[in-house]
A.B. asks: 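Here it is, the structure, as structure tokens.
One-based numbering, in listed order, for ligands and for the atoms of each. Just so you know, these numbers come straight off a predicted model, no measurement behind them.
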Amino acid sequence: MAENSKIEWTHHTFNPWWGCAKVSPACDNCYAERDANRFTPNSELWGALASRREFGDKHWNEPLKWNRKAQAEGVRYRVFCASMADVFDKNAPAGARERLFELIKATPHLDWLLLTKRIGNATKMLPPDWADGYSNVWIGISVVNQEEANRDIPKLLALPARIRWLSMEPLLGPVDLTKIAHTASPGFFGDALEWHHRPHGNRDDKWPGIDWVVVGGESGPNARPMHPAWARSLRDQCTAAGVPFLFKQWGEWIAEGVQMPEPLRKALDHDTRRWVADDADDNRYTRTAAAVYRVGKKAAGRLLDGVTHDGYPAMKGGEA
Ligand code: SF4
């Protein structure tokens with residue numbers, strides 16, 4: 001899958017600049033900040049008042065190469081932007097965001113997956129010719145709990161975009177997407193039935209909606225565990241809604257009671273056991289705490305109840 005990225009759902013990763021500020025519980029263990037401190041000590045790229053560092057021309061030319069390759073091969077590459085910054089950061093280097101959108105327009109054989117934790121800034125930062133969205137841009141937001149879902153999904157739905165998606169990683173609590181009802185755009189989460197009955201790949205553009213959901217647990221040194229009921233619930237919500245679902249990873253921890261290879265089950269180190277409470281307020285899923293074990297991201301893998309979930313949205317109209 002990934003060509004120059006370790007992230008399962010993308011072929012390439014592109015960062016227009018380096019630096020950011022923490023704005024969500026998802027940022028608590030930000031690996032980009034950790035890397036910045038490791039590779040460029042005292043660089044002071046993180047924080048609301050810190051300046052960001054724009055990457056050089058060589059780096060900016062890379063997507064042009066990917067685009068040529070995609071065109072020659074007759075395929076599309078997904079490009080995740082950005083893993084070490086936020087496209088809608090108010091502190092972006094002067095002119096860099098405009099340069100990014102020019103680059104996106106110049107690379108029609110790439111699908112740009114812009115992922116933000118600042119969707120509230122997007123409307124005023126999109127380019128003047130954005131219209132109903134560039135055909136090769138998927139706008140995604142990070143959602144890690146119900147509070148963020150309630151606050152940010154309506155903003156995403158209000159934004160003109162060809163593809164809208166949710167990155168629910170690290171998933172830190174139960175999220176019921178149908179609870180967005182009556183706070184979002186009319187016709188989608190404004191009517192929970194729309195979410196439940198919209199057929200896969202057959203979205204009516206009059207009804208803006210979510211086109212893709214990615215779920216994952218946290219990895220890294222201070223990773224927080226994910227209760228399996230949270231992931232199962234989102235899988236089932238997506239299935240009911242006909243929305244493609246991708247289960248990216250368990251992350252650092254795996255829970256008792258989920259399907260796992262026998263050698264891993266036998267090797268579970270009980271000294272690492274912790275309990276994760278599930279405070280979901282519906283009773284379709286167990287509300288009991290789950291025992292989780294620290295096994296590492298690789299060993300934990302990405303099977304959810306024995307199944308690899310690798311859903312992706314269909315490009316509407318097959319546009320290039
Ligand atoms: S938005 Fe992303 S890059 Fe910025 S601090 Fe949070 S996790 Fe790190």
A.B. asks: Would you verify whether the NZ or CZ of R78 falls within 45 degrees of the ring axis of Y312 while also being under 6.0 Å from that six-membered ring's centre?
C.D. replies: yes
A.B. asks: Should the proximity of A21 to ligand 1, defined as any heavy atom under 4.0 Å, be assigned to the side chain, the backbone, both, or neither?
C.D. replies: backbone
A.B. asks: Aromatic rings W18 and F55: how do their planes relate, parallel, tilted or perpendicular, breaks at 30° and 60°?
C.D. replies: parallel
A.B. asks: Check whether any N, O or S atom of C30, backbone or side chain, sits closer than 2.8 Å to atom 6 (Fe) of ligand 1.
C.D. replies: no
A.B. asks: So that I know where these two stand, are W112 and Y134 an aromatic pair - ring centroids less than 6.0 Å apart?
C.D. replies: no
A.B. asks: What about the rings of W9 and F80, do their centers lie closer together than 6.0 Å?
C.D. replies: yes
A.B. asks: What's the shortest distance from atom 6 (Fe) of ligand 1 to any protein heavy atom, and which residue and atom give it?
C.D. replies: C27 SG, 2.3 Å
A.B. asks: Distance under 4.0 Å to a non-hydrogen atom of R118: what atoms of ligand 1 satisfy this?
C.D. replies: 1 (S)
A.B. asks: Relative to the ring of F245, is the ring of F247 parallel (under 30°), tilted (30 to 60°) or perpendicular (over 60°)?
C.D. replies: parallel
A.B. asks: Hey, are N91 and S51 close enough side-chain-wise for a donor-acceptor pair under 3.5 Å?
C.D. replies: no
A.B. asks: Measuring from the heavy atoms of A82, does anything fall under 4.0 Å of ligand 1?
C.D. replies: no
A.B. asks: Where is the nearest protein heavy atom to atom 5 (S) of ligand 1: which residue, which atom, and how far?
C.D. replies: W46 NE1, 3.3 Å
A.B. asks: Looking at atom 2 (Fe) of ligand 1, what's its closest protein heavy atom, distance included?
C.D. replies: K117 NZ, 3.6 Å
A.B. asks: Which atoms of ligand 1 have any heavy atom of C20 under 4.0 Å away?
C.D. replies: 1 (S), 3 (S), 4 (Fe), 5 (S)
